[in-house]
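Residue numbering restarts at 1 for every chain, and letters A, B, ... go by the order of the sequence lines.
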There are 2 protein chains.
Amino acid sequence: MTRPVSRETVLDAAGALVRQHGPDALTMRRLAAELGTAVTSIYWHVGNRESLLDALVERTVADLGEIRPTGRTPAARVVSVARVLRRQLREHPHLIAMVHERGLTERMFMPAQRALVREVHAAGLRGARAARVVRAVQFQVVGHVLVERNRERAPAQRPGEEEPWGARTAERDPALARALAGPVDTERLFTASVKALVAGLLTP
Amino acid sequence: MTRPVSRETVLDAAGALVRQHGPDALTMRRLAAELGTAVTSIYWHVGNRESLLDALVERTVADLGEIRPTGRTPAARVVSVARVLRRQLREHPHLIAMVHERGLTERMFMPAQRALVREVHAAGLRGARAARVVRAVQFQVVGHVLVERNRERAPAQRPGEEEPWGARTAERDPALARALAGPVDTERLFTASVKALVAGLLTP
DNA sequence: ACCTGAACACCGTTCAAGT
DNA sequence: ACCTGAACACCGTTCAAGT
């Protein structure tokens with residue numbers, strides 16, 4: 001009933017497992033069961049769990065593809081690249097964690113980096129200064145997505161400490177207290193932050 | 001030779017283990033050995049591994065303490081808060097990962113949030129707009145630190161793909177290619193990014 | 001109230017043996 | 001070249017039994 005086992009079929013099954021049940025569900029024994037084979041044959045094809053995960057991340061990152069900027073000004077086009085990258089990353093929620101754990105952020109950011117370099121050049125920046133802008137946007141985007149994912153997994157913000165910034169502040173600025181206590185519109189926050197960062201970087 | 005076991009001594013030993021050898025080294029069996037007790041007594045004191053880690057994170061976060069801003073302008077003072085927070089977090093490298101895994105970013109950010117609210121008020125912002133600035137800085141700082149930690153654990157950037165942004169770009173702007181290929185001065189990048197973000201947020 | 005050892009159901013990995 | 005079962009050294013957790 002199952003295709004003959006190969007490096008490819010192992011990666012496919014592993015990918016499906018991670019997509020559906022998260023990285024923790026990817027145990028060698030479960031994977032073997034899924035493939036209808038002995039645990040040990042997996043080792044023959046992919047070495048061990050560590051390199052299996054490496055290969056999986058590698059593959060998914062390679063599938064991310066190019067990014068086409070939109071917008072008129074270079075600033076707007078940089079922002080568009082950031083937004084596309086964020087969406088791409090959020091389409092592979094488990095991937096983010098895995099890439100993070102293996103320290104492959106750099107590699108994951110490659111396609112976006114190429115697009116950003118073009119736009120920063122178009123904005124008239126060169127050399128080290130241009131590189132700094134690219135790096136700043138990279139850290140911003142990846143960092144934001146990591147924090148977002150983190151908040152989504154968060155255990156429903158511990159109660160018992162509402163208004164932790166002090167009743168005084170809540171009195172003086174109830175609208176702020178309400179805003180900080182409520183949920184975050186991460187999409188809008190992301191766009192606003194990137195716009196502010198890019199504006200600050202391109203026009204000093 | 002060992003003090004009588006209690007919830008406190010368990011947390012102390014667990015903390016020492018994490019500080020010295022990382023969170024993975026914290027196994028119930030090793031912890032028991034360290035305490036000179038049976039594995040099962042630990043369960044009596046702290047429930048299970050999950051809540052032990054919860055308690056550990058809770059405790060360390062509580063020890064982070066207040067943040068005193070420095071600088072003349074509100075913008076400068078916001079940047080100073082960001083820098084202090086970054087330093088605090090980097091002093092507890094394992095903590096960051098643990099807080100991240102348990103989704104307690106919010107709680108970890110509490111002291112900094114109080115300081116930021118004061119500064120944003122001083123800058124003349126109120127309500128939802130002020131909240132957005134606080135949140136943007138929060139995401140920026142925590143995200144940046146997460147990416148930094150990630151890069152430090154990274155497996156010495158895979159070789160075989162130097163100049164991945166294309167030889168064309170390297171020709172046109174060799175200084176940029178060199179800058180992007182070389183290591184990152186994360187401290188400077190962080191400061192520059194926060195400054196740009198804050199400038200962009202406070203002056204539109 | 002606190003501590004214990006034995007046991008259970010899981011891991012990843014190795015290895016010698018098969019075809 | 002590929003697959004196998006048995007075995008090893010680890011996990012976290014439960015439980016009945018001790019004092």
Side-chain angles (χ1 to χ4, degrees), chain A residues 1-59 94 97-104 153 155, chain B residues 1-59 94 97-104 153 155:
Chain A
M1 67 191 305
T2 40
R3 303 267 93 214
V5 182
S6 71
R7 189 182 160 82
E8 288 308 308
T9 58
V10 170
L11 285 179
D12 288 344
L17 222 41
V18 169
R19 251 190 311 282
Q20 290 166 34
H21 304 101
D24 286 348
L26 178 56
T27 76
M28 303 302 267
R29 283 175 161 86
R30 177 157 181 185
L31 182 54
E34 213 82 31
L35 286 162
T37 185
V39 201
T40 39
S41 13
I42 297 176
Y43 283 83
W44 197 91
H45 286 292
V46 297
N48 54 21
R49 186 170 188 270
E50 192 62 14
S51 47
L52 167 58
L53 287 175
D54 281 346
L56 210 55
V57 168
E58 203 82 30
R59 192 204 236 192
H94 297 309
M98 291 172 64
V99 167
H100 182 60
E101 277 159 22
R102 346 237 86 253
L104 294 181
R153 279 185 305 173
Chain B
M1 65 192 306
T2 40
R3 304 266 93 215
V5 182
S6 72
R7 187 182 162 83
E8 289 308 308
T9 57
V10 169
L11 285 179
D12 288 344
L17 222 42
V18 168
R19 251 190 311 282
Q20 290 166 33
H21 304 101
D24 286 349
L26 178 57
T27 76
M28 303 302 268
R29 282 175 162 85
R30 177 157 181 187
L31 182 54
E34 213 82 30
L35 286 162
T37 184
V39 202
T40 38
S41 14
I42 297 175
Y43 282 83
W44 197 92
H45 286 292
V46 296
N48 55 23
R49 185 169 189 271
E50 193 62 13
S51 47
L52 166 58
L53 287 176
D54 282 346
L56 211 55
V57 168
E58 203 83 29
R59 191 203 235 193
H94 297 309
M98 289 171 65
V99 167
H100 182 60
E101 277 159 21
R102 356 233 84 247
L104 293 181
R153 279 183 306 172

Tell me the interatomic distance from [X], atom [atom1], to [N], atom [atom2], rounded to whole angstroms.
X: A:L31; N: C:dC10; atom1: CG; atom2: P; value: 17 Å
X: A:D24; N: C:dG12; atom1: CG; atom2: C1'; value: 14 Å
X: A:L17; N: C:dC11; atom1: CG; atom2: P; value: 11 Å
X: B:R49; N: C:dC11; atom1: CZ; atom2: P; value: 16 Å
X: A:L53; N: C:dG12; atom1: CG; atom2: C1'; value: 12 Å
X: A:I42; N: C:dT13; atom1: CD1; atom2: P; value: 11 Å
X: B:N48; N: C:dA9; atom1: CG; atom2: C1'; value: 17 Å
X: B:E50; N: D:dT13; atom1: CD; atom2: C1'; value: 13 Å

Would you say [X] and [Y] make side-chain contact, with heavy atoms under 4.5 Å?
X: B:L26; Y: B:E34; answer: no
X: B:T9; Y: B:S6; answer: yes
X: B:L31; Y: B:V39; answer: no

Salt-bridge test for B:R30 and B:D24: reply yes if a basic N is under 4.0 Å from a carboxylate O, no otherwise.
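No.
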
Do any N or O atoms from the side chain of A:N48 and from the backbone of A:S51 form a donor-acceptor pair under 3.5 angstrom?
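Yes, the answer is positive, given that a donor and an acceptor are paired below the 3.5 Å cut-off.
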
Can you see which heavy atom on [X] is nearest to which on [Y], and at what distance?
X: A:A13; Y: A:L35; result: CB-CD2, 3.8 Å
X: B:L52; Y: B:A14; result: CD1-CB, 4.0 Å
X: A:P23; Y: A:H94; result: CD-ND1, 3.7 Å
X: A:A55; Y: A:L11; result: CB-CD2, 3.8 Å

Dump every N/O contact between nucleotides 17-19 of chain D and the protein below 3.5 Å, one line per pair.
none

Could you measure the distance from the CG atom of A:L56 to the CG atom of A:D12? Nearest 0.5 Å is fine.
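So the CG of A:L56 and the CG of A:D12 are separated by 9.5 Å.
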
Most 5' of A:G47 and A:R30 on DNA chain C, judged by nearest nucleotide
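Result of the comparison: A:R30.
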
For DNA chain D, stems built from three or more consecutive Watson-Crick or G-U wobble pairs below 3.5 Å:
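When the pairs of DNA chain D are grouped into runs of at least three, the stems are C:4-8 with D:12-16, C:12-16 with D:4-8.
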
Measure all distances between protein nitrogen or oxygen atoms and nitrogen or oxygen atoms of nucleotides 2-7 of chain D, and list the pairs falling under 3.5 Å.
residue : atom : partner : partner atom : Å
D:dC3   : OP2  : A:H45   : NE2          : 2.6
D:dT4   : OP2  : A:T37   : OG1          : 2.6
D:dT4   : OP2  : A:A38   : N            : 2.6
D:dT4   : OP2  : A:S41   : OG           : 3.0
D:dG5   : O6   : A:T40   : OG1          : 3.1

Run the numbers on A:R29 and A:I42 for side chain to side chain contact (heavy atoms under 4.5 Å, CB included), then give the verdict.
CA-CA 9 Å; A:R29 283 175 161 86; A:I42 297 176; over 6 Å; no

